[in-house]
Amino acid sequence: QVQLVESGGGLVQPGGSLRLSCAASGSIFSIYAMGWYRQAPGKQRELVASITSGGSTNYAESVKGRFTISRDNAKNTVYLQMNSLKPEDTAVYYCNAVIDISNGPRVVYNYWGQGTQVTVSS
């Protein structure tokens, strides 16, 4: 079993900052890409940022220059530092990871966290 546990969401004023964390645990052999998605009420889930095992990153245009994704491979953890937050960043943020659970032939699954609410409001 593999679990992704997120933390760090909350209520923040416009212009403020939050840092999200997501730790993967369980039967993990290797973690490939990790990322953060978000879903606002009435909208589809969208990619916010992703990072490969080698550290290459990708960002949605709407968060470039404000958000930074990073990972600690030793801790199987991915982070999302969110600065200059705007009301339109309000959403449930989900952690995602592509994980190989076998030390033999590859057995790769896509896992999701339970989501953490981020609300940007004055």
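In this chain, residues are counted from 1 in sequence order.
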Working to the nearest 0.5 Å, report the span between CZ of Arg106 and OG of Ser30. 8.0 Å

Are Val98 and Tyr109 connected into the same hydrophobic cluster when the rule is that any two of I, L, V, M, F, W, Y join if their side-chain heavy atoms are below 4.5 Å apart? no

Which heavy-atom pair separates Arg66 from Ser84 by the least distance, and what is that distance? NH1-O, 3.0 Å

Are Gln117 and Thr90 packed together at the side-chain level, in the sense that at least one heavy-atom pair is separated by less than 4.5 angstrom? yes

Using a 4.5 Å cut-off on heavy atoms from C-beta on, say whether the side chain of Ile101 contacts that of Phe29. no

Among Leu20, Val48, Val12, Val120, which one satisfies side-chain contact (heavy atoms from CB on, under 4.5 Å) with Met82? Leu20

Glu88 CD: over 12 foreign heavy atoms closer than 6.0 Å: yes

Quick one: does Asp72's side chain have a donor or acceptor within less than 3.5 Å of a partner on Val78's backbone? no

Which word best sums up how the rings of Phe67 and Tyr93 line up, parallel for under 30°, tilted for 30 to 60°, or perpendicular for over 60°? tilted

Considering only heavy atoms from C-beta outward, does the side chain of Arg45 approach that of Trp112 to under 4.5 Å? yes

Specify the closest pair of heavy atoms between Ala49 and Leu80, including all atoms of both residues, with the distance to one decimal. CB-CD1, 4.2 Å

Interatomic distance, CH2@Trp36 vs CG@Leu47, rounded to 0.5 Å, equals 12.5 Å

Counting N and O atoms only, with roles assigned by atom type, does the side chain of Glu6 sit under 3.5 Å from a partner on the main chain of Gln114, one being a donor and the other an acceptor? yes

Minimum heavy-atom distance Ile31-Ser53, with the two atoms named: O-CB, 3.7 Å

Does the pair Tyr59 and Thr68 meet the rule for a side chain to side chain contact (heavy atoms under 4.5 Å, CB included), with working shown? CA-CA 8 Å; Tyr59 294 93; Thr68 302; 3.9 Å; yes

In short, Ser21 meets Tyr79 closest at the heavy-atom pair OG-CD2, 3.3 Å

What pair of heavy atoms forms the shortest contact from Met34 to Ile69, and how long is it? O-CD1, 4.1 Å

To the nearest 0.5 angstrom, please state how far the CD1 atom of Ile99 sits from the OH atom of Tyr111. 6.0 Å

As an exercise, state the distance from CG of Asn58 to OG of Ser50, rounded to the nearest 0.5 Å. 4.5 Å

In short, Pro14 meets Ser121 closest at the heavy-atom pair CD-C, 3.6 Å

Just verifying a value: how many Å separate Lys75 NZ and Ser25 OG, rounded to the nearest 0.5 Å? 14.5 Å

With distance as the sole test, does Asp100 use its side chain to make a donor-acceptor pair with the main-chain N or O of Val107 at under 3.5 Å? yes

So with a 6.0 Å cut-off around CD of Gln3, is the heavy-atom count from everything else above 12? no

Output for pair (Asp89 CG, Leu18 CG), nearest 0.5 Å, gives 10.0 Å

Exam field: side chain Arg71 to backbone Thr52, donor-acceptor pair closer than 3.5 Å: yes

